[in-house]
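Accompanying notes for the structure given below.
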Amino acid sequence: MRPAAAKIVSRVELLAILEAERMRGKRIVLVNGCFDILHVGHVRYLEGAKREGDLLVAAVNTDASVCGLKGPGRPNLDESARAMLVAALRAVDYVVLFDEPNVGALLETLRPDVHAKGTDYTEETVPERAISQKLGIRIAIVGDPKDHSTRELLETIRKAPNV
């Protein structure tokens with residue numbers, strides 16, 4: 001098993017890796033997220049996505065994009081830490097950072113076989129649905145019901161009595 005740091009690659013590196021893996025007949029799955037404070041929902045999402053193909057690529061939002069999506073004070077962990085934590089999970093083969101508001105550009109560049117999203121989406125509400133359809137990328141909704149959130153976890157921690 002490769003060390004977590006070796007799984008974090010640039011887009012250029014990833015593109016070359018995926019081309020070689022496709023030649024070997026591997027099916028590629030792309031997931032994305034902020035992954036700000038990992039919780040069980042993230043693990044189940046990533047493991048569910050991995051079952052959709054042979055190679056799992058996790059696109060992790062940069063700090064700037066997390067702030068834009070989640071608001072001031074986020075992320076709690078910087079992009080390097082979040083990428084390392086995601087890369088350390090067994091289900092994940094590669095991690096790439098992305099700065100855009102969604103992964104449409106990555107879908108166009110990487111052309112995965114499957115675009116996996118969590119259960120907070122339906123196939124109809126996936127932001128990249130149109131581009132996935134245009135490129136022939138199958139959308140898979142994976143993971144457990146969306147009853148975990150980083151926001152709720154942080155609120156629970158903040159309210160906990162000091163011991």
Side-chain angles (χ1 to χ4, degrees), residues 1-63 65-66 69 75 77-123 125-150:
M1 189 143 102
R2 287 176 299 128
K7 294 180 180 182
I8 303 168
V9 295
S10 71
R11 286 184 196 207
V12 172
E13 292 170 307
L14 183 57
L15 191 55
I17 290 165
L18 296 183
E19 285 179 21
E21 293 293 347
R22 267 191 204 90
M23 298 292 277
R24 292 185 189 98
K26 301 288 183 180
R27 291 184 40 81
I28 297 153
V29 180
L30 178 72
V31 298
N32 66 283
C34 298
F35 302 102
D36 192 15
I37 310 288
L38 281 180
H39 54 69
V40 68
H42 291 130
V43 173
R44 291 174 181 154
Y45 166 52
L46 293 165
E47 288 180 345
K50 178 68 175 204
R51 288 190 291 273
E52 297 293 324
D54 303 305
L55 206 67
L56 180 60
V57 175
V60 175
N61 292 79
T62 62
D63 292 345
S65 66
V66 173
L69 291 168
L77 298 175
D78 69 39
E79 61 196 46
S80 296
R82 291 181 289 112
M84 182 66 81
L85 287 167
V86 171
L89 297 174
R90 184 180 323 167
V92 176
D93 295 293
Y94 294 99
V95 173
V96 63
L97 293 169
F98 76 103
D99 203 38
E100 298 85 357
N102 65 50
V103 290
L106 269 178
L107 291 170
E108 284 190 42
T109 301
L110 302 178
R111 305 283 176 117
D113 299 288
V114 180
H115 179 209
K117 297 294 273 189
T119 57
D120 46 337
Y121 292 95
T122 65
E123 284 194 38
T125 63
V126 170
E128 307 86 2
R129 179 178 182 225
I131 190 144
S132 292
Q133 288 178 331
K134 177 182 146 198
L135 298 171
I137 298 168
R138 183 171 64 83
I139 294 173
I141 305 300
V142 300
D144 61 358
K146 181 71 174 176
D147 55 4
H148 318 282
S149 81
T150 298

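Shortest non-hydrogen contact noted between Gly41 and Asp144 is CA-OD1, 4.0 Å.
Between the side chain of Ser132 and the backbone N or O of Glu128 there is at least one donor-acceptor pair closer than 3.5 Å. Using modelled atom types, no side-chain atom of Ser65 and backbone atom of Pro101 make a donor-acceptor pair closer than 3.5 Å. Judged purely by atom type and a 3.5 angstrom limit, Asp54 uses its side chain to pair as donor or acceptor with the backbone of Arg27. A donor-acceptor contact shorter than 3.5 Å links the side chain of Tyr45 to the backbone of Ala116.
Going from atom OG1 of Thr125 over to atom CD1 of Ile141 covers 6.5 Å, rounded to the nearest 0.5 Å. Here the straight-line distance linking atom CG of Leu15 with atom CG of Leu106 works out to 10.5 Å at 0.5 Å rounding. Here the CD1-CD1 distance, from Ile137 to Ile131, works out to 7.5 Å after rounding to the nearest 0.5 Å.
Residues Val126 and His115 meet the side-chain proximity criterion, which asks for heavy atoms closer than 4.5 Å. Looking at Leu46 and Phe35, their side chains come closer than 4.5 Å, going by heavy atoms from C-beta outward. Between Ile17 and Val9 the shortest side-chain heavy-atom distance falls below 4.5 Å.
Taking the charged nitrogens against the carboxylate oxygens, Arg24 and Glu21 do have a contact shorter than 4.0 Å, which makes a salt bridge. Ionic pairing of Asp113 and Arg22 is not present here: no N-O contact between side-chain nitrogen and carboxylate oxygen is shorter than 4.0 angstrom.
By the 6.0 Å and 45° rule, Arg2 stacks over the aromatic ring of Tyr94.
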Expected list for residues 80-90: side-chain donor-acceptor pairs under 3.5 angstrom, two or more places apart:
unit_1 : atom_1 : unit_2 : atom_2 : d
Arg82  : NE     : Leu77  : O      : 2.8
Arg82  : NH1    : Cys34  : O      : 2.7
Arg82  : NH1    : Asn61  : O      : 2.9
Arg82  : NH2    : Asn61  : O      : 3.0
Arg82  : NH2    : Asp63  : OD1    : 2.8

